Amino acid sequence: FFFLLFPALLILSCVPRACVCSSQQRSFGLDLNSFLEMAFRAILCLRSPQLSALGSASARLHAQQRATLSSSSRRDGKGLVVQKYGGTSLGTAEKLHKVLKIVEQFHKDNTVIAVVSAFSSETKAEGTTSRLLASAQNAINQKPFNDIVDRIEDTHFDILYKMLSNATLREETKAIVSKELNLVRSFCASLGVIRELSPRSHDLIIGTGERLAAAVFASVLRENGIPSAYVNLSTVFADGLDTTQPGYHHQAKAELHKTIVKALSEGEQGLVPVCTGYIGHIAGGIISGVGRGYSDLTAALVAAAMQADALQVWKESDGIFTGNPTKLKDARLLHFVTPREAAELTYFGNEVLHPFTMECAIEASIPIHILNTFTPTSQGTVIDPHRRPEDARETKGVVAIASKKGVSVINISSNRMLGSVTFLAKVFELLSKHGVKVDLISSAETQLSLTVHETVDKTQVNNLMLDLGALGKCTVSHGRAIVSAIGEGMKHQVGLATQLFSSLSDAGVNVEMIAQGASELNMSVVVLEEDVTRALETVHAKFLGSKAE
């Protein structure tokens with residue numbers, strides 16, 4: 001079964017989110033669609049009773065969780081809210097005081113579960129996670145590391161002395177902090193001998209930051225009369241978690257549900273579990289497997305596991321804007337977006353949420369509220385899975401503009417020794433072989449243009465080019481950027497593409513590649529990096545400059 005299934009999935013995994021067709025290459029559609037149809041049929045033919053049983057088991061687990069929740073966590077008819085706090089929302093005593101007030105407000109009428117990142121300052125390099133990694137790297141390089149660990153300890157002790165007046169509670173929490181950091185010191189000493197940091201060891205040291213933050217914040221809540229418990233999720237998955245495996249989140253939700261329900265049932269009425277944003281080792285390393293936004297994923301998994309009424313993500317920004325407010329002075333806050341709009345914005349440059357976070361919460365039909373820790377009265381942005389596109393914005397067309405730099409464009413012309421289907425299949429096979437992630441594709445029968453994701457190393461691209469040379473003429477251009485117009489209502493706008501290209505032309509911006517998905521949710525163009533700011537300002541002014549929310 002797996003011998004047959006894996007090749008089909010491998011090829012499909014290389015097909016980007018937007019299988020697209022440029023206005024100059026109309027013959028792309030039929031051949032690639034035929035290829036994809038064959039691949040999908042191969043997978044459908046492989047469906048088995050075992051897969052159906054797996055789906056039924058998942059549904060039964062979901063029903064059991066709902067029944068358990070009714071008796072264990074939704075006490076007194078209260079709602080259930082999962083709140084995720086980023087490191088910059090927690091990094092000082094003053095910030096923690098603001099977060100405390102937010103928890104107090106929602107705790108009155110809801111069961112609250114908090115998920116926290118490691119404490120961080122305004123500068124990422126001075127955050128706990130960065131310092132932990134720096135101490136490990138110093139140990140490997142035979143450099144002093146104790147002074148870095150001491151600074152981490154001083155930061156947490158400073159917060160404890162400012163926030164905890166109860167001496168007993170303060171000393172108990174200091175003991176937890178000291179124990180964790182003593183383990184880090186011992187671990188770094190070992191690294192000085194081994195001189196290597198494996199993915200598992202890397203994850204082990206990273207998780208310290210979240211354990212420190214959760215322990216401190218739980219104590220701060222107790223100090224202020226809110227019953228709370230420090231819940232360490234680092235050890236929930238004894239063998240780690242492989243986020244590349246289909247359905248990994250079902251296993252994750254089952255274990256998280258069990259752990260958090262246990263904490264709620266053993267605690268007093270109104271208990272607030274404070275969970276670590278770190279959930280243990282991720283296959284291949286948590287940064288490679290998930291990214292620095294892994295605590296967002298944890299919050300989404302917790303919300304889905306507990307069937308929360310809402311997932312609140314508290315950040316240092318007001319929510320999702322019509323464009324990057326640091327680049328566009330007239331960018332406006334969007335109070336509502338659909339899940340598909342949010343996903344596209346995340347993928348094409350607006351750092352909304354980690355993509356895994358979106359998938360987990362939306363699949364569980366849980367609204368995501370993006371809110372500002374420092375202006376909690378702001379309405380923020382709601383990503384609501386129950387909100388139909390036609391309810392929100394059927395006639396408004398473009399909702400937001402996104403962009404990302406550091407993109408490379410590969411152009412391939414077949415040597416015509418291969419048929420169109422074989423040519424495309426070979427290209428996708430080589431993309432998978434070299435691990436090259438693709439954002440956009442524009443294709444004709446024997447010609448293909450694609451953009452390489454900005455995170456792909458140039459060595460991978462060069463190795464790919466060597467293999468692609470056997471298929472035909474290949475060129476690569478670096479220093480490009482993608483500018484995307486995104487909105488559920490775009491498909492209802494006649495002449496939208498004409499307006500987009502005319503505005504760019506009037507601004508003197510040359511378009512090198514055009515891409516639009518079949519859903520008409522996203523229209524993207526590739527431009528030179530030096531033109532991206534001008535392109536953003538032009539397109540935003542054309543479609544969003546004079547519109548009201």
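For the numbers below, each heavy atom of this structure counts, side chains included, while hydrogens, waters and symmetry mates do not. Throughout, numbering of the chain's residues begins at 1 and tracks the sequence. Nothing here was measured: the structure is a model prediction, and the numbers come from that model.
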S.K.: Using every non-hydrogen atom in the two residues, find where Leu233 and Cys275 come nearest and quote the distance to one decimal.
M.R.: CD1-CB, 3.7 Å

S.K.: Do Lys84 and Ser295 make a side-chain contact, defined as non-hydrogen atoms from C-beta onward lying under 4.5 Å apart?
M.R.: yes

S.K.: Output the distance between atom OG (Ser408) and atom CD (Gln460), rounded to the nearest 0.5 Å.
M.R.: 11.5 Å

S.K.: Can you list everything that forms a side-chain hydrogen bond (donor to acceptor under 3.5 Å, both in side chains) with Asn146? Sequence neighbours excluded, please.
M.R.: none

S.K.: Once rounded to the nearest 0.5 Å, what's the spacing between atom CG of Leu80 and atom CD of Gln307?
M.R.: 10.0 Å

S.K.: With rounding to the nearest 0.5 angstrom, report the OG to CD1 distance, Ser190 to Ile194.
M.R.: 5.5 Å

S.K.: Within the 4.5 Å heavy-atom criterion, are Leu464 and Leu430 side-chain neighbours or not?
M.R.: yes

S.K.: Could you check whether any side-chain heavy atom of Val216 comes within less than 4.5 Å of a side-chain heavy atom of Leu90, counting everything from C-beta outward?
M.R.: no

S.K.: Would you call the rings of Tyr278 and Tyr294 parallel, tilted or perpendicular, where under 30° means parallel and over 60° means perpendicular?
M.R.: perpendicular

S.K.: Quick one: pull up CG in Leu301 and CD1 in Ile279 and give me the separation to the nearest 0.5 Å.
M.R.: 5.5 Å

S.K.: Could you work out, with side-chain hydrogen bond (donor to acceptor under 3.5 Å, both in side chains) as the rule, every residue matching Asn372, not counting sequence neighbours?
M.R.: Asp318, Thr375

S.K.: Are Thr451 and Ile482 side-chain neighbours, meaning at least one heavy-atom pair lies under 4.5 Å?
M.R.: yes

S.K.: Contact between Leu169 and Glu172 at the side-chain level, heavy atoms closer than 4.5 Å - yes or no?
M.R.: yes

S.K.: One pair to check against side chain to side chain contact (heavy atoms under 4.5 Å, CB included): Val231 and Val274. What are the steps and the verdict?
M.R.: CA-CA 6 Å; Val231 180; Val274 181; over 6 Å; no

S.K.: Once side-chain hydrogen bond (donor to acceptor under 3.5 Å, both in side chains) is applied, do any residues pair with Thr208, and if so which ones, sequence neighbours excluded?
M.R.: Arg211

S.K.: Ignoring hydrogens, what is the shortest heavy-atom contact between Pro339 and Pro385? Give both atom names and the distance.
M.R.: CG-CA, 3.6 Å

S.K.: Whether the side chain of His453 engages the backbone of Val407 through a donor-acceptor N/O pair (distance < 3.5 Å, no angle test) should be reported.
M.R.: no

S.K.: Run the side chain to side chain contact (heavy atoms under 4.5 Å, CB included) check on Val115 and Val82 step by step: do they pass?
M.R.: CA-CA 7 Å; Val115 177; Val82 174; 4.2 Å; yes

S.K.: Sequence neighbours left out, what passes salt bridge (charged side-chain N to carboxylate O under 4.0 Å, His left out) with Glu316? Give chain and number order.
M.R.: none

S.K.: Apply side-chain hydrogen bond (donor to acceptor under 3.5 Å, both in side chains) to Gln312 and list each qualifying residue two or more places apart in sequence or on a separate chain.
M.R.: Gln83, Trp314

S.K.: Could you tell me whether Lys78 and Asp109 make a salt bridge, using a distance below 4.0 angstrom between a side-chain N and a carboxylate O?
M.R.: no

S.K.: Taking the side chain as every heavy atom from C-beta outward, state whether Gln137 and Lys143 have any atom pair closer than 4.5 Å.
M.R.: no

S.K.: If only atom types and distance count, is the side chain of Thr381 paired as donor or acceptor with the main-chain N or O of Leu334 below 3.5 Å?
M.R.: yes

S.K.: Identify all side-chain donor-acceptor contacts of residues 218-227 below 3.5 Å with residues at least two apart in sequence or on another chain.
M.R.:
{"unit_1": "Ser219", "atom_1": "OG", "unit_2": "Thr173", "atom_2": "OG1", "d": "2.6"}
{"unit_1": "Ser219", "atom_1": "OG", "unit_2": "Ala215", "atom_2": "O", "d": "3.2"}
{"unit_1": "Ser219", "atom_1": "OG", "unit_2": "Arg222", "atom_2": "NH2", "d": "3.3"}
{"unit_1": "Arg222", "atom_1": "NH1", "unit_2": "Ser228", "atom_2": "O", "d": "3.4"}
{"unit_1": "Glu223", "atom_1": "OE1", "unit_2": "Asn166", "atom_2": "N", "d": "3.3"}
{"unit_1": "Glu223", "atom_1": "OE2", "unit_2": "Ser165", "atom_2": "N", "d": "2.9"}
{"unit_1": "Glu223", "atom_1": "OE2", "unit_2": "Ser165", "atom_2": "OG", "d": "2.5"}
{"unit_1": "Asn224", "atom_1": "ND2", "unit_2": "Val220", "atom_2": "O", "d": "2.8"}

S.K.: Checking Lys433 against Phe428: charged group under 6.0 Å from the ring centre and within 45 degrees of the axis?
M.R.: no

S.K.: Out of Val184, Asn138, Leu191, Ile140, which residue meets the side chain to side chain contact (heavy atoms under 4.5 Å, CB included) rule with Phe145?
M.R.: Asn138

S.K.: Just by distance, do the side chain of Gln105 and the backbone of Ile102 share a donor-acceptor pair under 3.5 Å?
M.R.: no

S.K.: Nearest 0.5 angstrom please: Glu171 CD to Leu160 CG, how far?
M.R.: 9.0 Å

S.K.: One thing to verify: whether Arg340 and Glu488 come together as a salt bridge, which I'm taking to mean a side-chain N less than 4.0 angstrom from a carboxylate O.
M.R.: yes

S.K.: Can you list the steps and then say if Leu212 with Leu181 is a side chain to side chain contact (heavy atoms under 4.5 Å, CB included)?
M.R.: CA-CA 9 Å; Leu212 296 176; Leu181 293 177; 3.9 Å; yes

S.K.: Give the minimum heavy-atom separation between Phe217 and Val99, together with the two atoms involved.
M.R.: CZ-CG1, 3.4 Å

S.K.: Can you confirm if the NZ or CZ of Lys98 lies within 45° of the ring axis of Phe374 and under 6.0 Å from the centre of its six-membered ring?
M.R.: no

S.K.: How close do Ala118 and Thr128 get, heavy atom to heavy atom, and via which atoms?
M.R.: CB-CB, 4.0 Å

S.K.: Checking side chain to side chain contact (heavy atoms under 4.5 Å, CB included) against Pro367, which of Leu311, Asp384, Ile383, Asp309 comes through?
M.R.: Asp384

S.K.: Applying side chain to side chain contact (heavy atoms under 4.5 Å, CB included) to Ile159 and Thr92, what does each step give before you reach the verdict?
M.R.: CA-CA 6 Å; Ile159 291 173; Thr92 65; 5.6 Å; no

S.K.: How many angstroms lie between atom CD of Glu341 and atom CG of Leu521, to the nearest 0.5 angstrom?
M.R.: 6.5 Å

S.K.: Measure from the side-chain N and O atoms of Lys95 to the backbone N and O of Thr88, and report whether any donor-acceptor pair falls under 3.5 Å.
M.R.: yes

S.K.: What closest approach, in Å, do Glu94 and Lys162 show between heavy atoms, and which atom pair accounts for it?
M.R.: OE2-NZ, 4.3 Å

S.K.: Is the shortest side-chain heavy-atom distance between Phe157 and Arg170 below 4.5 Å?
M.R.: no

S.K.: Just wondering, do Val313 and Tyr85 contact through their side chains at under 4.5 Å, heavy atoms?
M.R.: no

S.K.: Spell out, as yes or no, whether a donor-acceptor pair under 3.5 Å connects the side chain of Thr155 to the backbone of Arg151.
M.R.: yes

S.K.: For Leu132, does its backbone N or O pair with a side-chain atom of Ser135 as donor and acceptor, under 3.5 Å?
M.R.: yes

S.K.: Just by distance, do the side chain of Gln142 and the backbone of Gly192 share a donor-acceptor pair under 3.5 Å?
M.R.: yes

S.K.: So, does Glu363 use its side chain to make a donor-acceptor pair with the main chain of Cys360 at under 3.5 Å?
M.R.: no

S.K.: May I ask you to decide if Tyr347's main-chain N or O and Lys404's side chain share a donor-acceptor pair within less than 3.5 Å?
M.R.: yes

S.K.: Run the numbers on Glu104 and Lys108 for salt bridge (Lys or Arg N to Asp or Glu O under 4.0 Å), then give the verdict.
M.R.: CA-CA 7 Å; Glu104 284 179 340; Lys108 294 175 183 176; over 6 Å; no

S.K.: Inspect the contact between Asp150 and Arg185 and indicate whether a charged nitrogen and a carboxylate oxygen are less than 4.0 angstrom apart.
M.R.: yes

S.K.: State, to 0.1 Å, how close Leu264 and Met306 come at their nearest heavy-atom pair, and which atoms those are.
M.R.: CD1-CE, 3.9 Å

S.K.: Any side-chain to backbone donor/acceptor pair from Asp158 onto Asp154? Under 3.5 Å, distance only.
M.R.: no

